[in-house]
Colleague: 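Have a look at the structure that comes next, please.
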Amino acid sequence: MLDADLLSGPAEQVAPLLLGAVLRHGEVAVELTEVEAYAGPRDPASHAFRGPTPRNEVMFGPPGHLYLYFSYGMHWAANVVCGPDGTAGGCLLRAGEVVDGVEVARERRHGAPDRDLARGPGRLTQALGLSQEHRGLDLFAAGPVRLEPVVDAHALEVATGPRVGVSQAADVPWRFWVAGSRYVSAYKRSPRAAP
DNA sequence: CACTAGATGCTCT
DNA sequence: GAGCATCTAGTGA
């Protein structure tokens, strides 16, 4: 059963458990197909590696809350906070399939093909209508944004590989996705990553 | 289909 | 001022 207690483990152990879970905001719901683990102080690619700042402080709080950050001047990206309260960690929600509220999601994504509605971190938050006002929300409390348990866990085969776009720890295989899913973003290595 | 270039603005040093 | 946990539109095949 997926709950805040389960999320208090290390990010790289929690990440695959999120696959198949559903993130819901109002009438739009996305079934997660791809996530990445960021292990705070143990992980040079994590926003929390150098300690707490105003941006990343949510990641140092209790697990099961929503860490949002603004990226590349145009996009929001969403993380589920992992690890025990006081230790930073999180799982970036990289992609999913819109399973409810498709019409609303299409409108927000300005007519993109259904496959691309939530394929990519910025697209996923746009389809769900998430932004700074949802910062820090508890995903397991009564509230506008909720994380619902996996429906059919035993049917999932998980694949792993390096994380997209990170220049540090570029070969650590902490990206997890549903093997064979069409709703998974493309891998791209950072041009700044070490060869 | 594959690949590339440029937009764009917040965050931290 | 440098560096991004990205996306889209453009080109060329």
Side-chain angles (χ1 to χ4, degrees), chain A residues 7 10-16 18-19 23 30 32-61 63 65-83 87-98 105-136 139 159-177 182-195:
Chain A
L7 301 188
E12 68 273 27
Q13 282 179 30
V14 169
L18 294 174
L19 297 175
L23 187 66
V30 168
L32 302 176
T33 58
E34 181 186 5
V35 300
E36 284 175 357
Y38 287 89
R42 294 182 291 124
D43 180 7
S46 171
H47 287 165
F49 183 62
R50 294 166 200 283
T53 67
R55 174 173 68 160
N56 67 23
E57 63 180 0
V58 172
M59 266 203 286
F60 289 81
H65 288 238
L66 192 60
Y67 166 52
L68 286 159
Y69 68 92
F70 193 65
S71 176
Y72 287 92
M74 352 177 80
H75 312 284
W76 289 92
N79 293 242
V80 176
V81 174
C82 314
T87 302
C91 293
L92 170 66
L93 309 181
R94 280 204 58 88
E97 173 183 0
V98 176
R106 282 194 194 117
E107 206 163 305
R108 290 190 180 132
R109 293 275 303 116
H110 202 253
D114 284 2
R115 188 189 176 209
D116 293 342
L117 289 180
R119 189 170 60 126
R123 295 163 170 178
L124 184 145
T125 57
Q126 195 183 2
L128 280 167
L130 298 177
S131 61
Q132 67 239 355
E133 61 189 296
H134 308 288
R135 180 189 153 87
L139 299 173
T160 67
R163 295 170 289 182
V164 174
V166 297
S167 59
Q168 302 297 310
D171 299 304
V172 175
W174 282 355
R175 176 176 178 238
F176 302 83
W177 66 91
R182 296 163 51 248
Y183 300 90
V184 168
S185 62
Y187 176 65
K188 188 169 185 180
R189 189 181 177 87
S190 167
R192 290 170 290 277

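Note: hydrogens, waters and symmetry copies are ignored here, and every other heavy atom, side chains too, is used. Not measured: the values here are computed from a predicted model. In the text below, chain A, chain B and the rest are named by the order of the sequence lines, each starting its count at 1.
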Colleague: Across all strands shown, which nucleotide pairs with B:dA5 by Watson-Crick or G-U wobble geometry, both distances under 3.5 Å?
Modeller: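 When the pairing criteria are applied, C:dT8 turns out to be the nucleotide that pairs with B:dA5.
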
Colleague: Please check the phosphate of B:dG9 (OP1 and OP2 only) for any side-chain N or O of A:S71 closer than 4.0 Å.
Modeller: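 No.
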
Colleague: In whole angstroms, how far is the P atom of C:dA5 from the CG atom of A:D171?
Modeller: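 Taking atom P of C:dA5 as the reference, CG of A:D171 is at 16 Å.
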
Colleague: Please report the shortest heavy-atom distance between A:R163 and A:D43, naming the atom on each side.
Modeller: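 Shortest heavy-atom contact: NH1-OD2, 2.7 Å.
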
Colleague: Check whether any side-chain N or O of A:R50 sits under 4.0 Å from OP1 or OP2 of B:dT13, and answer yes or no.
Modeller: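 Answer is no, no contact under 4.0 Å.
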
Colleague: Measure from the ring centre of A:Y72 to the centre of the six-membered ring in the base of C:dC4, then say whether that distance is under 5.5 Å and the planes meet at under 30°.
Modeller: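 Stack criterion met.
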
Colleague: By nearest atom, which of the nucleotides B:dT4, B:dA7, B:dT11 is closest to the A:R55 side chain?
Modeller: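 Of the candidates, B:dT11 comes closest.
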
Colleague: Quick one: look up who C:dG3 pairs with, Watson-Crick or G-U, both distances under 3.5 Å, and put none if it's unpaired.
Modeller: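 Pairing partner: B:dC10.
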
Colleague: Is a side-chain donor-acceptor pair under 3.5 Å present for A:R109 with A:Q126?
Modeller: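 There is such a pair between these side chains.
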
Colleague: Show the numbers, then the answer: is there a side-chain contact (heavy atoms from CB on, under 4.5 Å) between A:Y67 and A:M59?
Modeller: CA-CA 6 Å; A:Y67 166 52; A:M59 266 203 286; 3.5 Å; yes

Colleague: Among C:dA5, B:dG9, B:dT8, which is the nearest nucleotide to the side chain of A:N79?
Modeller: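 For A:N79, the side-chain atoms sit closest to C:dA5.
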
Colleague: Just how far, in rounded Å, is C1' of C:dA5 from CG of A:L18?
Modeller: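 Rounded to the whole Å, the gap is 16 Å.
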
Colleague: Would you say whether A:Y38 stacks on C:dA5? The test is a distance between ring centres of less than 5.5 Å and an angle between planes of less than 30°.
Modeller: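 Stacking is present between C:dA5 and A:Y38, given that their ring centres fall under 5.5 Å apart and the planes under 30°.
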
Colleague: Where the side chain of A:F70 is defined as all heavy atoms beyond and including C-beta, which of B:dC10, C:dC7, C:dA5 is the nearest nucleotide?
Modeller: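 My answer, after comparing the listed nucleotides, is B:dC10.
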
Colleague: Between C1' on C:dT6 and CD on A:E34, what's the gap in Å once rounded to a whole number?
Modeller: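 A:E34 atom CD is separated from C:dT6 atom C1' by 13 Å.
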
Colleague: Both A:R123 and A:G73 contact DNA chain C. Which one's nearest nucleotide lies toward the 5' end?
Modeller: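 Here A:G73 is the residue nearer the 5' end.
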
Colleague: With nearest nucleotides of DNA chain C determined for A:M59 and A:Q126 from heavy-atom distances, which residue corresponds to the more 5′ nucleotide?
Modeller: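 Result: A:M59.
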
Colleague: Without decimals, in angstroms, what is the distance between A:N56 CG and B:dC10 P?
Modeller: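 Between P of B:dC10 and CG of A:N56: 18 Å.
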
Colleague: Name the nucleic acid region contacted by A:A45, choosing base, sugar-phosphate or nothing; use a 4.0 angstrom heavy-atom cut-off, strictly under.
Modeller: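 Here A:A45 touches the bases of the nucleic acid.
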
Colleague: With a non-hydrogen cut-off below 4.0 angstrom, is A:R163 in contact with a base, only sugar-phosphate, or nothing?
Modeller: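 Nothing: the residue A:R163, judged by heavy atoms under 4.0 Å, touches no strand.
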
Colleague: Rounded to the nearest Å, what distance is computed from the OH atom of residue A:Y67 to the P atom of nucleotide C:dA5?
Modeller: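 My rounded result for the distance is 9 Å.
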
Colleague: Could you tell me whether A:D171 and A:R189 have a side-chain N and a carboxylate O separated by less than 4.0 Å?
Modeller: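 A salt bridge is present here (some side-chain N lies under 4.0 Å from a carboxylate O).
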
Colleague: For a quick check of understanding: with a heavy-atom distance under 4.0 Å over all strands, which category does A:S167 fall into, base, sugar-phosphate or nothing?
Modeller: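 Since only primed, P, OP1 and OP2 atoms lie under 4.0 Å of A:S167, the category is sugar-phosphate.
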
Colleague: Respond yes when some side-chain nitrogen or oxygen of A:H47 is under 4.0 Å from OP1 or OP2 of C:dA5, and no when none is.
Modeller: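 The answer is yes; a side-chain N or O of A:H47 sits under 4.0 Å from OP1 or OP2.
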
Colleague: To the nearest Å, give me how far apart CG (A:L93) and C1' (C:dT6) are.
Modeller: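 The answer, rounded to whole Å, is 15 Å.
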
Colleague: Can you see if the side chain of A:R192 gets near the phosphate of C:dC4 - specifically, an N or O under 4.0 Å from OP1 or OP2?
Modeller: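 The answer is yes; a side-chain N or O of A:R192 sits under 4.0 Å from OP1 or OP2.
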
Colleague: Looking for any heavy atom pair under 4.0 Å, which part of the strands does A:R109 touch: base, sugar-phosphate only, or nothing?
Modeller: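 Sugar-phosphate contact only - A:R109 comes under 4.0 Å of backbone atoms but never of a base.
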
Colleague: Would you call A:R175 and A:E12 a salt bridge, taking side-chain N to carboxylate O under 4.0 Å as the test?
Modeller: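 No, no charged N to carboxylate O under 4.0 Å.
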
Colleague: So, for A:A170 and A:P162, which heavy atoms are closest and what is the spacing to 0.1 Å?
Modeller: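 Where A:A170 meets A:P162 most closely, the heavy atoms are O-CB, 3.3 Å.
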
Colleague: Could you check how far NZ of A:K188 sits from P of B:dC3, rounded to whole Å?
Modeller: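 After rounding, the reported distance stands at 10 Å.
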
Colleague: CG of A:D43 versus P of C:dA5: gap in Å, rounded?
Modeller: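 These atoms are roughly 11 Å apart.
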
Colleague: Return the nearest nucleotide to the side chain of A:T53; candidates are B:dA7, B:dC10, B:dC12.
Modeller: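 Closest nucleotide among those given: B:dC12.
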
